[in-house]
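For reference, the structure discussed in these notes is given below.
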Amino acid sequence: MYKKRNQGQRPEQSSWFTWNSVFWMIILLLLFNGLFYPFFGKEEVKDSDYITFLQEVKKGKVKKVLIKDDVVYYTMDAKVKQSQPMLAPKKDNAKPKYTTKEVTYKTTEVNDPQLVDRLLNAKSPNKNGRIEFTKTLPQKNSPLMDFVIWWILPALIFYAIWQFGARRMMKGGAGGSGGFLSLGQSGAKIYAENDVKTTFADVAGQDEAKDTLKEIVDFLHNPRKYTRLGARLPKGALLVGPPGTGKTLIARAVAGEAGVPFFSISGSEFVQMFVGMGAAKVRDLFQQAQKKAPCIIFIDEIDAIGKSRDQAMGNDEREQTLNQLLTEMDGFDAAKGLVILAATNRPESLDKALLRPGRFDRRIIMELPDLEGRKAILKVHLKDVRHGNIDLDAVGRATAGSSGADIANIVNEAALRAVRLGKNEVETEDLEESVETVIAGEQKKGAIIAPEEKRIISYHEIGHAMVAACQTHSAPVQKITIVPRTSGALGYTMQVDEGEKHLLSKQEMLNRIATLTGGRAAEEVMCHTCTTGASNDIEKATQLARAMVTTYGMSDTYGMMQLEQQTNRYLGGRSSLTCSEATARDIDKEVSEIIKQAHDKAVKIITDHAAEMDKAAAILLKKETITGTEFMQVLEGKEPTTTA
C-alpha cells in the first residue's frame with residue numbers, strides 16, 4: 001500500500017535550499033580542501049638534511065632559499081626520470097630518458113650563525129649568480145582574532161552539531177525523505193482517504209465494537225443528522241483489549257469506511273530526550289489534523305504518554321506531553337469531524353484526566369473472540385488461501401482462547417504445511433496440526449527417547465486422559481500423543497470443550513485440577529516412580545487452586561473475601577496478595593489441601609482402571625498418537641479402529 005508520507009509537510013521543508021544544507025555544504029567543502037589540498041594544491045617538496053643543503057650551496061646548485069617556521073626550503077635543478085605516455089608502445093631495451101626540473105627540498109633549521117654569509121658568498125645558476133634568499137617572520141594574531149578562533153568558532157560548531165542532533169531526533173514519518181524537519185514535527189504516518197483500503201468487512205469477531213464505531217462513521221458522513229437534535233460527536237474513543245484482538249485494524253477500518261485522512265502514530269514516538277519536544281509533537285499533530293479535518297487521529301499504545309501522573313515518578317517530559325495532549329483535546333471542535341482513537345492494553349494505568357467525559361468519551365472493549373467470532377475470523381483469513389471443505393466448527397473449538405492475530409498465524413502455518421506436503425489446497429487436518437504447532441511447537445521427529453522413558457511418558461499422558469474421561473463436567477479428550485515438540489513438551493493430551501464456556505463451577509475447577517494431577521498419579525501407580533515431566537501440570541494446578549481461594553471466593557474458610565488483587569488483566573494478569581502474612585499461610589495450606597484431594601481422586605481412578613491403562617498405554621507406545629475416539633473405545637473394552 002502506497003503511503004503519502006509527504007502529505008502535511010510544510011512548503012519550506014520541501015525545498016532543498018535551506019540554511020542547514022548551506023551550512024553542511026560549507027563544512028564538506030572545507031573538509032575536501034583540507035584532505036586533498038596537500039596533494040593537489042602544492043608543488044612536491046622532498047625531505048633532505050642540513051649537511052646535504054650546505055654541500056649543494058657550496059657546489060653552486062641552489063637557486064632559492066626560504067626560511068619559514070624553523071624550516072629551510074631550498075630549490076635547485078635536478079634530473080627527473082621522464083614518464084612515457086600511457087598509450088605509447090613499450091620497447092624492451094629502451095633507455096630511460098631524463099629531464100631537468102626545479103625541485104624543492106626542506107630541512108630543519110639549525111643554529112648556524114654563518115648561514116647568511118655562506119648564502120651571500122655562494123654562487124648560483126641564477127642570471128645574477130646569487131642565491132635568492134628570504135626569511136619570513138612568524139605573524140601573531142590579534143587578541144580579538146585569537147578569541148574568535150579559540151572560543152567563538154568552537155562554540156558555533158558545537159551549537160550547530162547540537163541543532164543537527166535535535167532536528168534528527170525530531171525527524172518523523174510525515175516529512176519527505178532526506179530533508180531536515182522543523183522542530184516539533186509530529187512524525188505521524190499520514191494516509192490519504194484513498195490510501196486506506198481496510199473496511200469493516202476485514203474485521204471479524206468484534207461485532208459489538210464495530211456497531212459502536214459505525215456511529216462515528218455515520219456522523220462523519222452525515223453530521224447534520226446528529227447536530228439537528230443537538231447531539232455531538234464523541235471527541236475520543238479508547239480501544240481496550242488483549243494484544244492481537246484487532247485494535248489497530250479496526251481503527252484503520254473506521255478511516256476506510258469514513259473515507260477521511262488517517263493519522264497514525266505510536267505513543268512512544270512522543271517520548272523524547274529533551275523536555276518540551278513531546279509537547280511540540282502533540283501541537284504539530286493537532287495542527288496538521290485540523291487542516292485536514294474531517295479526519296481520524298489514531299494513537300497506538302497511548303499508555304506510553306498517558307500514564308497516571310502519580311505513577312510517572314516526576315518525569316517532566318512525559319508530564320508536559322500528557323498536559324499538552326489534554327489541552328489539545330479540550331481545544332479542538334469535534335463538530336469539524338476530528339476524531340481521536342487510541343488503543344491500550346493497560347487501561348488501569350491511564351491518567352484519570354484522560355478518561356473523563358469530553359476527552360475519551362467512550363471505552364470500546366475488544367475481548368478475545370468467542371466460538372462464532374473465531375469462525376468468522378477463520379473465514380476472513382481463508383479468503384486469501386486456497387482451501388477445500390474446512391470444518392470451521394472443529395477448528396474454532398480447537399482455537400479457544402486465541403486472538404485474531406493468533407488465528408491468522410494458524411491459517412498461515414496451515415498453508416505452509418500444505419505446501420511442504422505438496423498439497424493443492426489447505427485441509428482441516430492442516431489447520432488442526434497448525435493449532436498444535438502454534439501451541440506446542442513443531443514435532444521433533446529426530447528425537448531419541450529411551451524405551452523406559454517413553455513408557456513412563458505414555459502412562460503419564462494416558463493418566464491425564466483417564467481421569468478426564470472418568471469425571472463428569474470435563475472436556476472430552478480429542479487427541480493423545482507422545483511425539484516430542486520443540487517447546488520442550490515430550491507429549492500432551494488435548495481436550496476440547498463441545499461448546500463455548502463463559503462460566504466455570506467449583507466442581508469443574510476441581511475436576512480440572514484432578515485431571516492435571518492424573519499424569520503424576522499414573523507415574524506413581526503404574527510405574528512406581530515420579531519424574532520431572534509433571535512440572536507444567538503442577539504449575540497449572542497450583543494456579544487454579546490458588547485462584548479458587550483468593551479470587552473466586554470458593555474457599556471453605558474465607559468464602560467471598562477478596563484476598564488477591566489482579567493488575568494488567570489484558571497482558572496475562574499479575575496478582576498480588578492483599579492480606580496479612582498469617583492469612584497468606586492459611587491460603588497456602590488450603591491450596592495444598594485442594595491439590596492433595598484432587599491427587600487422591602486421580603490415584604483412585606487410575607487404580608480402578610489399571611487394566612485399561614495398560615492396554616491404552618501399549619497402543620499409544622506403538623502408534624505414538626491416538627485420537628480421543630480410539631481412547632474411548634479402549635475404555636469401553638472395544639478394539640480401537642483407526643479413523644482416517
Side-chain angles (χ1 to χ4, degrees), residues 1 3 189 191 195-210 213 239-257 262 264 266 298 300-301 341 343-345 364-421 423-443 478 485-487 494 496-497 500 570-572:
M1 180 183 294
K3 301 176 182 178
K189 297 179 180 67
Y191 302 88
D195 289 340
V196 183
K197 307 298 183 183
T198 308
T199 63
F200 283 143
D202 301 313
V203 183
Q206 299 292 344
D207 295 336
E208 294 79 8
K210 286 197 291 186
L213 292 170
L239 304 172
V240 177
T245 49
K247 296 184 291 296
T248 304
L249 180 67
I250 203 169
R252 290 176 59 89
V254 173
E257 291 283 346
F262 182 65
S264 177
S266 173
F298 176 62
D300 199 7
E301 305 296 346
L341 300 179
T344 182
N345 304 317
I364 301 173
I365 307 298
M366 301 187 67
E367 294 283 2
L368 294 173
D370 56 12
L371 177 59
E372 294 302 319
R374 294 193 297 274
K375 290 163 65 175
I377 294 172
L378 280 168
K379 289 180 182 178
V380 170
H381 292 294
L382 285 172
K383 288 180 181 178
D384 301 326
V385 177
R386 182 182 296 175
H387 60 87
N389 187 18
I390 303 295
D391 188 351
L392 293 177
D393 189 69
V395 180
R397 286 188 289 108
T399 55
S402 299
S403 66
D406 294 331
I407 294 174
N409 189 28
I410 288 170
V411 173
N412 184 60
E413 288 291 339
L416 294 175
R417 182 179 187 272
V419 171
R420 287 195 299 268
L421 297 178
K423 297 182 178 181
N424 294 324
E425 58 186 15
V426 175
E427 300 172 352
T428 302
E429 176 193 359
D430 300 314
L431 287 167
E432 291 177 339
E433 178 62 29
S434 67
V435 172
E436 299 178 41
T437 300
V438 171
I439 294 174
E442 294 283 352
Q443 294 184 3
Q478 184 179 22
R485 296 275 177 166
T486 54
S487 64
M494 179 183 289
V496 177
D497 285 303
E500 191 76 14
Y570 297 113
L571 294 175

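This structure is a prediction, so every number in the text was calculated from the model and none was measured. Counting from 1, the numbers follow the sequence of the chain as shown.
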Donor-acceptor list for residues 408-416 side chains, cut-off 3.5 Å, not counting sequence neighbours:
none

Exercise for review: Say whether, by atom type as modelled, one donor and one acceptor occur between the side chain of T428 and the main chain of D391 under 3.5 angstrom.
Suggested key: yes

Review point. Donor-acceptor pair, D202 side chain versus T199 backbone, under 3.5 Å?
Key: yes

**Study point:** Spatial distance of atom OG1 (T399) from atom CD1 (I407) [nearest 0.5 Å]
**Key:** 4.5 Å

**Study point:** Partner set under salt bridge (Lys or Arg N to Asp or Glu O under 4.0 Å) for E372, not counting sequence neighbours
**Key:** K375

**Study point:** CG on L431 to CD1 on I390, rounded to 0.5 Å
**Key:** 5.0 Å

Revision key, fill the gap. Scanning both residues in full, the closest heavy-atom pair of Q478 with V496 reads OE1-CG2, 2.8 Å

**Study point:** Value rounded to 0.5 Å, distance of NZ in K247 from CG in L239
**Key:** 8.0 Å

Practice item. For K379, check salt bridge (Lys or Arg N to Asp or Glu O under 4.0 Å) against everything at least two apart and list the hits. Key: none

Study note, to complete from the structure: Nearest heavy-atom contact between M366 and A209 is CG-CB, 4.2 Å

Check your understanding: About how many Å separate CG of D393 and CG of L371, when rounded to the nearest 0.5 Å?
Key -> 5.5 Å

Review point. Could you walk me through whether N345 and E301 pass the side chain to side chain contact (heavy atoms under 4.5 Å, CB included) check?
Key: CA-CA 7 Å; N345 304 317; E301 305 296 346; 3.7 Å; yes

Review point. Can you list the residues that meet the salt bridge (Lys or Arg N to Asp or Glu O under 4.0 Å) rule with E429, with sequence neighbours excluded?
Key: R417, K423

Point to revise | Separation of L341 CG from T248 OG1 (nearest 0.5 Å) | key: 10.5 Å

**Study point:** Check: E257 side chain, R252 main-chain N or O, donor-acceptor pair, under 3.5 Å
**Key:** no

Review point. If you look at every heavy atom in E432 and A394, which pair is closest and at what distance?
Key: OE2-CB, 4.0 Å

Check your understanding: Which atom pair, heavy atoms only, marks the closest approach of F262 to A251?
Key -> CE1-O, 3.7 Å

Exercise for review: Indicate yes or no: at least one non-hydrogen side-chain atom of I364 is less than 4.5 angstrom from one of I250.
Suggested key: no

Point to revise | salt bridge (Lys or Arg N to Asp or Glu O under 4.0 Å) against E433, all qualifying residues, sequence neighbours excluded | key: K479, R485

Exercise for review: Applying side-chain hydrogen bond (donor to acceptor under 3.5 Å, both in side chains), name anything that partners S403, two or more places apart in sequence or on another chain.
Suggested key: D406

**Study point:** Closest heavy-atom pair and its distance - P369, G205
**Key:** CB-O, 4.1 Å

Review point. Would a 4.5 Å heavy-atom cut-off, applied to side chains only, mark L421 and D430 as touching?
Key: yes

